[in-house]
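The structure under discussion appears below in the form of structure tokens.
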Amino acid sequence: QVQLIESGGGLVQAGGSLRLSCAASERTFSLYPMGWFRQAPGKERYFVAAISRSGASTYYADSVKGRFSISRDNAKNTVDLQMNSLKREDTAVYYCARNVRADLVYPRYREMRVYDSWGQGTQVTVSS
């Protein structure tokens, strides 16, 4: 498995923006699609966004479409999540993960079972 480290979380007012970053430890980073998930207190972990190996294709949960943007830099082994127009319901711990099965077929890319190497998560709190 690859080590993933998320950063960039914090406290922000509703309507504000945050940019999360996930750094991978291995040079094989570019061989796999990547994803972001989030988990609110007392709830399951849900899919947020995914990106193909090259970055040419991106996928989003309906709840964040138009507000969030996923990108990657294969030279730096990082995948970012730009979050704009944040809402209170975006409050959660955000995790990045490697799509080890390289499966970007709907709906499988939204399922945790195709991912491994989860990071420790970064807390995002949106206040009203």
Side-chain angles (χ1 to χ4, degrees):
Q1 294 191 349
V2 62
Q3 183 180 14
L4 300 172
I5 301 176
E6 301 97 336
S7 62
L11 174 64
V12 63
Q13 287 191 330
S17 298
L18 278 176
R19 187 175 184 89
L20 306 183
S21 186
C22 172
S25 62
E26 288 190 1
R27 288 177 290 178
T28 57
F29 173 80
S30 63
L31 298 180
Y32 299 94
M34 296 293 293
W36 283 94
F37 286 71
R38 67 186 181 186
Q39 187 168 17
K43 296 189 176 181
E44 296 182 358
R45 193 170 298 185
Y46 290 103
F47 169 80
V48 175
I51 190 166
S52 63
R53 286 174 284 193
S54 68
S57 299
T58 55
Y59 311 82
Y60 298 95
D62 289 344
S63 59
V64 306
K65 200 172 294 184
R67 300 188 298 121
F68 290 13
S69 177
I70 187 172
S71 61
R72 67 188 297 163
D73 186 335
N74 287 338
K76 296 181 179 179
N77 289 355
T78 58
V79 56
D80 291 353
L81 186 68
Q82 177 66 42
M83 306 186 296
N84 299 327
S85 302
L86 283 162
K87 306 176 181 180
R88 288 191 64 185
E89 51 264 42
D90 295 319
T91 294
V93 178
Y94 284 71
Y95 299 89
C96 68
R98 180 178 69 172
N99 185 331
V100 68
R101 300 189 187 183
D103 191 341
L104 290 175
V105 176
Y106 179 86
R108 292 194 294 272
Y109 63 77
R110 298 184 173 210
E111 300 171 1
M112 290 178 57
R113 61 187 178 93
V114 305
Y115 293 85
D116 75 346
S117 304
W118 296 85
Q120 83 288 348
T122 185
Q123 175 71 48
V124 171
T125 303
V126 184
S127 64
S128 59

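Here the structure is a predicted model, which means the values were calculated and not measured. Basis for what follows: all heavy atoms, side chains included, without hydrogens, waters or symmetry-related copies. We count residues from 1, following the sequence as given.
- Contact annotation: the side chain of E89 never approaches that of V126 to less than 4.5 Å [non-hydrogen atoms, C-beta and beyond].
- Listed by chain and residue number, nothing satisfies the salt bridge (charged side-chain N to carboxylate O under 4.0 Å, His left out) test with E26 (two or more places apart in sequence, or in another chain).
- At most 12 heavy atoms of other shown residues, nucleotides or ligands fall within 6.0 angstrom of atom CZ in R88.
- Looking at heavy atoms from C-beta onward, L104 lies out of side-chain contact with S57 at the 4.5 angstrom threshold.
- Across all their heavy atoms, L81 and A49 have their closest contact at CD1-CB, 4.1 Å.
- Within the 4.5 Å cutoff, side-chain heavy atoms of S71 are placed close to those of R19.
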(message) Is there a side-chain hydrogen bond (donor to acceptor under 3.5 Å, both in side chains) between Q82 and D80? Walk through the geometry before answering.
(response) CA-CA 6 Å; Q82 177 66 42; D80 291 353; over 6 Å; no
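- Nearest approach of D103 to V105, heavy atoms of both residues: OD1-N, 3.0 Å.
- Within the 4.5 Å cutoff, no side-chain heavy atoms of R45 are placed close to those of R38.
- When all heavy atoms are compared, the tightest approach of D90 to S85 is OD2-O, 4.4 Å.
- A donor-acceptor contact shorter than 3.5 Å is absent between the side chain of S25 and the backbone of V2.
- Residues L4 and V93 are members of separate hydrophobic clusters, defined by side-chain heavy-atom contacts under 4.5 angstrom among Ile, Leu, Val, Met, Phe, Trp and Tyr.
- The two residues A92 and A40 come nearest to each other via the heavy atoms CB-N, 3.8 Å.
- N99 and Y109 get closest at one heavy-atom pair: ND2-CB, 4.4 Å.
- Between V79 and W36, the closest heavy-atom pair is O-CZ2, 3.5 Å.
- Side-chain contacts under 4.5 Å among hydrophobic residues (ILVMFWY), followed directly or transitively, place L11 with no other residue at all.
- The side-chain contact (heavy atoms from CB on, under 4.5 Å) test applied to T58 returns I51, Y60, I70, not counting sequence neighbours.
- With hydrophobic clusters built from ILVMFWY side chains whose heavy atoms lie under 4.5 angstrom apart, V64 shares a cluster with M34.
- A distance-only check finds a donor-acceptor pair linking the side chain of R72 to the backbone of F29 [under 3.5 Å].
- Residues that satisfy the side-chain contact (heavy atoms from CB on, under 4.5 Å) test with T122, not counting sequence neighbours, are E6, L20, Y94.
- Partners of S30 under the side chain to side chain donor-acceptor pair (under 3.5 Å) rule, at least two apart in sequence or in another chain, do not exist in this structure.
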(message) Please evaluate residues K65 and D62 with respect to the criterion salt bridge (Lys or Arg N to Asp or Glu O under 4.0 Å), reporting the C-alpha separation (whole Å), side-chain torsions for both, the decisive distance (0.1 Å), and the verdict.
(response) CA-CA 5 Å; K65 200 172 294 184; D62 289 344; 3.3 Å; yes
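- Grouping the Ile, Leu, Val, Met, Phe, Trp and Tyr side chains by contacts below 4.5 angstrom, directly or via other members, places V48 apart from Y32.
- The ring-ring contact (aromatic ring centres under 6.0 Å, His included) test applied to Y115 returns F37, not counting sequence neighbours.
- Counting non-hydrogen atoms of other residues, nucleotides and ligands closer than 6.0 Å to CD of E44 gives a total of 12 or fewer.
- In this structure, R101 contributes its side chain and V114 its backbone to no donor-acceptor pair below 3.5 Å.
- Applying the 6.0 Å contact sphere to CD of Q13 captures no more than 12 heavy atoms from other residues, nucleotides or ligands.
- Taken to the nearest 0.5 Å, the CZ atom of R98 stands 12.5 Å off from the CD atom of Q3.
- You'll find the side chain of Y106 stays beyond 4.5 Å of the side chain of Y59, heavy atoms only.
- Within the 4.5 Å cutoff, no side-chain heavy atoms of M83 are placed close to those of V12.
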